[in-house]
Amino acid sequence: MKNIAREIINGRRLNRNDDLDMLLHKNLSEVCEGADMIRKGLCENKVDLCSIINGRSGRCSENCKFCAQSTHNKTNCDVHDFLDLSYIMEDCGKMAEKGVNRYSIVTSGRAMEGDDLNLALKAYAALSDRYPDMIFCASFGLMSVDDMKRLKEAGVSIYHTNVETSSRYFPKICTSHTYEDKINQIKRAKEAGFEVCSGGIFGMGETWNDRIDMALLLSNLEISSIPLNFLLPIKGTPLENQKPLSQEEIVRIVAVFRYLNPTAYIRIAAGRNYFQDCGEVLFKSGANAVLTGDMLTTVGSSTEHDKKMLFDLGFELK
């Protein structure tokens, strides 16, 4: 694996014509060692910290089987309209003080438009003015190019939209929108001038082939930030009884995504609480970014703990 890692560092890129089974069957420690070599060789020791806020919660029309906020699922999640500007400003300020360098407002629902979009534009303009060193991201579902250009003018530079899984498996997870909708959204975001953040959720019943297909798709789309979530089954969703992934499988997923997306930020998001140390091993296996603090509907990890862990591992905080 070290030889393959060196080849990748020197410019080789793995694709469907390569024997990718080696990533799945080689000794895990060797796979992780190679992934860490790639990360150090192409991304250095810089780590990226992102925090999100649940800007609008619940009442989502989409039927994603993993989601607590879907009206199709019975989870009793928090429901609220778009947050007051003062609340968002205060939260972003706290994250900035803790050293977080990316901040995103995430909203439930198929899309952002109308009055809520205007509130979001106002919020981002104010945030950009007060925290000029912060990188701002938006996760607002399916949007038009024109509306996304308005977001960019308000100070947003990254648009987030997860593909969630492979095109083959996606219809088993969601039928209210299509995989093509996801891909077209990514293309519209790029057309609007955004860097794109796109990843997915693992442990929903997908196969390794699905995971490989997803990683290769994101590579072909030249996605620069890839959040990896590991399913935390939520009571009231169709996946509430899904068997959790093992730690070994989670570690291998992270390493595989580094081999297939060697220059991207491999961002660890939900599911780190499967590890007692918040997933320290993942940052020795190719990961170099983290979603810190609480997630949308689940508890995350302390930012101060994350910073210490990453510093102790030799990472340089951006």
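When reading the values below, keep in mind they use all heavy atoms of this one structure, side chains included, and skip hydrogens, waters and symmetry mates. In this text, all values refer to a predicted model and were calculated from it rather than measured experimentally.
- A salt bridge links R272 with D306: the distance from a Lys NZ or Arg NE/NH1/NH2 to an Asp or Glu carboxylate oxygen falls below 4.0 Å.
- The two residues V100 and S51 make their nearest non-hydrogen contact at CG1-N, 3.7 Å.
- With a 6.0 Å radius and a threshold of 12 heavy atoms from other residues, nucleotides or ligands, R12 has its CZ atom above the threshold.
- Between R252 and E248 there is no salt bridge, since no side-chain N of the basic residue sits under 4.0 Å from a carboxylate O of the acidic one.
- Without hydrogens or angle criteria, R267 side chain to L228 main chain gives no donor-acceptor distance under 3.5 Å.
- Taking both residues in full, the closest heavy atoms of M112 and T107 are given as CG-OG1, 3.3 Å, listed atom of the first, atom of the second, then distance.
- For N162 (side chain) and E164 (main-chain N/O), no donor-acceptor pair under 3.5 Å exists by modelled atom type.
- To the nearest 0.5 angstrom, Q276 atom CD is 10.0 Å from C278 atom SG.
- Between D312 and K308 there is a salt bridge, since at least one side-chain N of the basic residue sits less than 4.0 Å from a carboxylate O of the acidic one.
- Checked for salt-bridge contact, D81 and R56 miss the test: no charged N lies under 4.0 Å from a carboxylate O.
- Under a 3.5 Å cut-off, the side chain of D18 and the backbone N or O of L20 do not form any donor-acceptor pair.
- Taking the charged nitrogens against the carboxylate oxygens, R16 and D213 do have a contact shorter than 4.0 Å, which makes a salt bridge.
- The heavy-atom pair separating P262 from C43 by the smallest distance is O-SG, 3.6 Å.
- Residues Q185 and L142 come closest through the heavy atom pair OE1-CA, 3.2 Å.
- Residues R110 and E62 are paired through a salt bridge, judged by an N-O separation under 4.0 Å between the basic side chain and the carboxylate.
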Exercise for the section: Before giving the answer on salt bridge (Lys or Arg N to Asp or Glu O under 4.0 Å), spell out for K2 and E33 the whole-Å C-alpha distance, their side-chain angles and the decisive distance to 0.1 Å. Expected result: CA-CA 7 Å; K2 286 185 178 180; E33 187 175 3; 3.2 Å; yes
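- A donor-acceptor pair under 3.5 Å is formed between the side chain of K65 and the backbone N or O of K172.
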Practice task
For the pair E90 and K94, evaluate salt bridge (Lys or Arg N to Asp or Glu O under 4.0 Å) and give the outcome as yes or no after the intermediate values.
Solution key: CA-CA 6 Å; E90 181 181 1; K94 290 177 179 177; 3.6 Å; yes
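- Taking each heavy atom of A269 and N229 in turn, the nearest pair found is CB-OD1, 3.1 Å.
- The backbone N or O of E180 lies less than 3.5 Å from a partner atom in the side chain of N184, making a donor-acceptor pair.
- A salt bridge links E195 with R102: at least one charged nitrogen is closer than 4.0 Å to a carboxylate oxygen.
- Using bins of under 30°, 30° to 60° and over 60° for the plane-to-plane angle, the ring pair F202/F257 lands in the perpendicular bin.
- Using a distance-only test at 3.5 Å, with no hydrogens or angles considered, a donor-acceptor pair links the side chain of S285 to the main chain of V281.
- From D91, atom CG reaches atom CD1 of I53 across 4.0 Å, with rounding to the nearest 0.5 Å.
- Counting non-hydrogen atoms of other residues, nucleotides and ligands closer than 6.0 Å to CG of D21 gives a total above 12.
- No side-chain donor from either of D210 and T165 sits under 3.5 Å from a side-chain acceptor of the other.
- T207 places a side-chain N or O within donor-acceptor distance of the main-chain N or O of N209, the cut-off being under 3.5 Å.
- Shortest non-hydrogen contact noted between N288 and F283 is N-CD2, 4.5 Å.
- Residues E249 and R211 are paired through a salt bridge, judged by an N-O separation under 4.0 Å between the basic side chain and the carboxylate.
- A cation-pi arrangement is present between K152 and F194 under the rule of less than 6.0 angstrom and at most 45 degrees off the ring axis.
- At least one donor-acceptor pair under 3.5 Å links the side chain of R258 to the backbone N or O of N261.
- More than 12 heavy atoms of other shown residues, nucleotides or ligands fall within 6.0 angstrom of atom CD in E240.
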Exercise for the section: For the pair N273 and L232, evaluate side-chain contact (heavy atoms from CB on, under 4.5 Å) and give the outcome as yes or no after the intermediate values. Expected result: CA-CA 9 Å; N273 48 355; L232 298 169; 3.4 Å; yes
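- Here the side chain of S198 pairs a donor or acceptor atom with the backbone of T161 at under 3.5 angstrom.
- Here the straight-line distance linking atom CG of N27 with atom NE2 of H25 works out to 13.5 Å at 0.5 Å rounding.
- No more than 12 heavy atoms of other residues, nucleotides or ligands lie within 6.0 Å of CD in E222, so this atom counts as exposed by the packing criterion.
- Using a 4.0 Å cut-off between a side-chain N of Lys or Arg and a carboxylate O of Asp or Glu, R150 and D147 qualify as a salt bridge.
- The main-chain N or O of M204 is found under 3.5 Å from a side-chain atom of E206 such that the two form a donor-acceptor pair.
- Looking at K284 and E280, a side-chain N of the basic residue comes within less than 4.0 Å of a carboxylate O on the acidic one, giving a salt bridge.
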N/O donor-acceptor pairs under 3.5 Å from side chains in residues 122-129, not counting sequence neighbours:
| unit_1 | atom_1 | unit_2 | atom_2 | d |
| --- | --- | --- | --- | --- |
| Y124 | OH | I105 | N | 3.2 |
| Y124 | OH | C137 | O | 2.5 |
| S128 | OG | Y124 | O | 2.8 |
| S128 | OG | A154 | O | 3.2 |

